[in-house]
Amino acid sequence: MAESGTLESITEHERILQEIESTDTACVGPTLRSVYDDQPNAHKRFMEKLDARIRNHDREIEKMCNFHHQGFVDAITELLKVRADAEKLMVTAQTEEVIRCRIQQRNMTTTVEKLQLCIPVFILHTRYYAALKTMEQLENIYIPRVSQYRFCQIMAETLPKLREEIKEISMSDLKDFLESIRKHSDKIGETAMRQVSLNQINAVQKQASLGCAKPLYSLNGRTTLQHNGLVAGDAAEEEEVLTAQDLVDFSPVYRCLHIYTILGDRETFENYYRKQRKKQARLVLQPQSNMHETVEGYRKYFNQIVGFFVVEDHILHATQGLVTRAFTDELWNMALSKIIAVLRTHSVSKIFEQDNYSPIPVENEEEYKSVVSRFPFHDAEIEKQPFPKKLPMSQSVPQIYIQVKEFIYASLKFSESLHRSSTEIDDMLRKSANLLLTRTLSGCLQNLIKKPHIGLTELVQIIINTTHLEQACKYLEDFITNITNVSPETIHTTRLYGLSTFKDARHAAEGEIYTKLNQKIDEFIQLADYEWGMAESDGRASGYLMDLINFLRSTFQVFTHLPGKVAQTACMSACKHLATSLMQMLLDTELKQISMGAIQQFNLDVIQCELFASSEPVPGFQGDTLQLAFIDLRQLLDLFMVWDWSTYLADYGQPTSKYLRVNPSTALALLEKMKDTSKKNNIFSQFRKNDRDKQKLIETVVKQLRSLVNGMSQHS
């Protein structure tokens, strides 16, 4: 019975514990009372049972805490971090609020300052306006009331003059304004570029917190970094970024516009302003010749352009109709095309400047393949030559070819976004390439040819280069066909104009060769120092002439790679110019006397010229064609050396005359220089000292030559 009682007690205690664990604490009292109402010592057993249950729960709690301890630590750490970020966020929000307040305060201060600056403008403007209104009232109201008085008539007559004076004064101010913005366009552009650069950096950092995107640069009112709310710390807060209004006083243009409007002549003012600004745009867009030499040159060029359009943007928004969007778009399109042309031109010019104008040397097969992989060159004769060898064109040729191909490919990439047909894209690429060839490249070549440092050797190489570039145009057309997949047989296919471009450049280079060659001959001729009264010749040709002939020989050796006709024309041109220069030297009016010894010396020099001509300095001449350049000189000198006047006078005018090329006036001019005009120095003493018959013969010949010259004059 005792055991059953104990079991019942244990069971009852278990039930009580479960009831305590599951029941609301307000109902625990009756449950605990039942423990004490039970058997003696039952509450001790219950307490033991309760302690055991507590220990069991403690173990469960300890297990649970151990399991979630790391998560609890992590949660506390994150909470601490969030608290720090929350504090920063609160500080940031307060800082931004302070910044906004400071910006508003600064803007208010700036507005007051600018209004104070504008007050004189308003006063002056009011004076002009008041003067015009007063004149209008005088003319329309007051003067008609007392028009019978003469002073009123005089006053009425002066009013138009006063209006014109006001217009002239305001126009003078406008001209000063235009000069001012021309001078300050560089500074305005630099300021705008710097401001945009700073804004782009700060916009990334502040745009999210401000919650909106702001314009990077504006001239409609007082717009600065602070105005946009993009403050880069204390430095930006202290430094005031200048705008167009800070650098240029726009009041003259406002005043002039208003005056012309009141006087009913606004259209004249608008046309004048736009015309002058278009002229200034062209000046701004014209780069300095040395711009490409430094980065600073490019920076100044672009700053001027930006400054110009910043001012126009301000005028566009600050006035009504003085300039229109269409007008600024027109100027911008003009600027865009000019800038592109300038950059392309300088890119090509850089290639020309870096060229050594020498054939490309290739030491081995690898170097040869490297060149022909960049430029389509094929020459069977050169391919047979052993290494090392030289390719006829200089290094600029493959570089230009690659540049043109890259330009065509870039144009293709651009056209892909236009959603055009393949035929339209092909046509666009060919037209773009034609513009590059006919404008940019052609202009660069023409300028290059005229540069003073380009000598004969460089000109020869330029002619060779243009020949190979002309031949490469076919491969450029094939390149366009391959990337567009449009057949070249299409009826509307545009052909590349490279052939005419390079032909024109080649002709210009050829003409420059002839000119420079003649200039070089003139330099040698100026070194001539004949002793015109010498008794006998030196027995050898003059030093200056031998130097000249050696120069011509070495020069014409360089011409071996030129087309045959060019080399022959240059050689013939040089010989004719030399012969003409020598003839002019003999007939120079400042040369008063020439001895027979000087004639003999001159003859030796002409013989050397004839020997040079007969040595075939340039292949391709037939017979004595080149020697004929000196035929006039040869016949004239033979006439004087042989003293064959009887034959000359007898055969004059006959087609078979031995001296057919000797003009009577030429012979007379030279003979006049040989007359004995000084008893102390008889230049014919080498013939016979006491022979006076010679002098009489000269007088006779002179008379006959004069007769022939006079007869020719009358006949003509």
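Only a predicted model underlies this, so the values are computations on that prediction, with no experimental measurement involved. Residues take their numbers from the sequence shown, with the count starting at 1.
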Side-chain H-bond candidate by donor/acceptor type, Arg430 with Thr481, under 3.5 Å | yes

Any donor and acceptor pair, going by atom type alone, linking the side chain of Gln104 with main-chain N or O of Cys101 inside 3.5 Å?
-> no

Calculate, to the nearest 0.5 Å, the distance between atoms CG and CD1 belonging to Leu476 and Ile408 respectively.
-> 5.0 Å

Which residues satisfy the side chain to side chain donor-acceptor pair (under 3.5 Å) test with Glu424, sequence neighbours excluded?
-> Ser421

From CG (Asp426) to CG (Leu412), nearest 0.5 Å | 10.0 Å

Those residues at least two apart in sequence (or on a different chain) that pass salt bridge (Lys or Arg N to Asp or Glu O under 4.0 Å) with Lys520 are Glu523

If every non-hydrogen atom of Gln304 is compared with every non-hydrogen atom of Asp186, which pair is closest and at what distance?
-> CG-CB, 3.9 Å

Sequence-distant partners of Ser442, side chain to side chain donor-acceptor pair (under 3.5 Å), two or more places apart | none

Mind telling me whether Phe250 and Phe177 have parallel, tilted or perpendicular rings, with 30° and 60° as the class edges?
-> tilted

With sequence neighbours left out, write down each residue that passes side chain to side chain contact (heavy atoms under 4.5 Å, CB included) with Pro376, or none if nothing qualifies.
-> Tyr401, Ala472, Tyr475

What distance do Gln461 atom CD and Tyr357 atom OH have between them, rounded to the nearest 0.5 Å?
-> 9.5 Å

Do Phe377 and Pro392 touch side chain to side chain, with heavy atoms closer than 4.5 Å?
-> yes

Counting distance only, does the side-chain N/O of Gln395 pair as donor-acceptor with the main-chain N or O of Gln354 below 3.5 Å?
-> yes

When rounded to the nearest 0.5 angstrom, what distance separates CG in Asp173 from CZ in Arg255?
-> 5.0 Å

Answer yes or no: is there a donor N or O on one side and an acceptor on the other, between the side chain of Asn465 and the main chain of Ser394, under 3.5 Å?
-> yes

Could I get the full list of ring pair (Phe, Tyr, Trp, His ring centres under 6.0 Å) partners for Phe352, not counting sequence neighbours?
-> none

Are any non-hydrogen side-chain atoms of Met171 and Lys175 less than 4.5 angstrom apart?
-> yes

Quick one: do Arg182 and Glu179 make a salt bridge, cutoff under 4.0 Å?
-> yes

Donor-acceptor contact present, side-chain Asp313 to main-chain Phe309, <3.5 Å | no

Which atom names give the shortest non-hydrogen contact between Arg325 and Thr328, and what distance separates them?
-> O-OG1, 2.8 Å

Sub-4.5 Å side-chain heavy-atom contact between Ile454 and Ile449 | no

I'd like a table of donor-acceptor pairs (distance under 3.5 Å, sequence neighbours excluded) in which one partner is a side-chain atom from residues 268-276, with atom names and distances.
from	atom 1	to	atom 2	distance (Å)
Thr268	OG1	Asp265	OD1	2.5
Glu270	OE2	Arg266	NE	2.5
Glu270	OE2	Arg266	NH2	3.3
Asn271	ND2	Glu267	O	3.2
Tyr273	OH	Glu312	OE2	2.9
Arg274	NE	Leu322	O	2.9
Arg274	NH2	Gly321	O	2.9
Arg274	NH2	Leu322	O	3.2

Is any side-chain heavy atom of Leu285 less than 4.5 Å from a side-chain heavy atom of Phe308?
-> no

Results of side chain to side chain contact (heavy atoms under 4.5 Å, CB included) for Glu510 - residues two or more places apart only | Ile463, Arg506, His507, Tyr514, Val566

With sequence neighbours left out, what residues match Gln519 under side chain to side chain donor-acceptor pair (under 3.5 Å)?
-> none

Nearest 0.5 Å please: distance from the CE atom of Met393 over to the OG1 atom of Thr467.
-> 12.0 Å

Answer yes or no: is there a donor N or O on one side and an acceptor on the other, between the side chain of Ser180 and the main chain of Asp176, under 3.5 Å?
-> no

Is there side-chain contact between Leu316 and Phe327, with heavy atoms separated by less than 4.5 Å?
-> no

With Asn518 via side chain to side chain contact (heavy atoms under 4.5 Å, CB included) - residues at least two apart = Ile521, Ser573, His577

Glu470 and Thr466, any side-chain heavy atoms less than 4.5 Å apart | no

Scan for ring-ring contact (aromatic ring centres under 6.0 Å, His included) pairs involving residues 428-455, sequence neighbours excluded, and state none if there are none.
-> none

OG1-NE2 distance between Thr319 and His258, expressed to the nearest 0.5 angstrom = 14.0 Å

Do Val311 and Arg277 come close enough that some side-chain heavy atom pair is under 4.5 Å?
-> yes

Using salt bridge (Lys or Arg N to Asp or Glu O under 4.0 Å) as the criterion, list what pairs up with Lys278, not counting sequence neighbours.
-> Glu330

Donor-acceptor pair, Asn447 side chain versus Gly443 backbone, under 3.5 Å?
-> yes

Return each pair, listed once, that meets salt bridge (Lys or Arg N to Asp or Glu O under 4.0 Å) where at least one residue sits in residues 298-307; pairs must be two or more places apart or across chains.
-> Glu296-Arg299

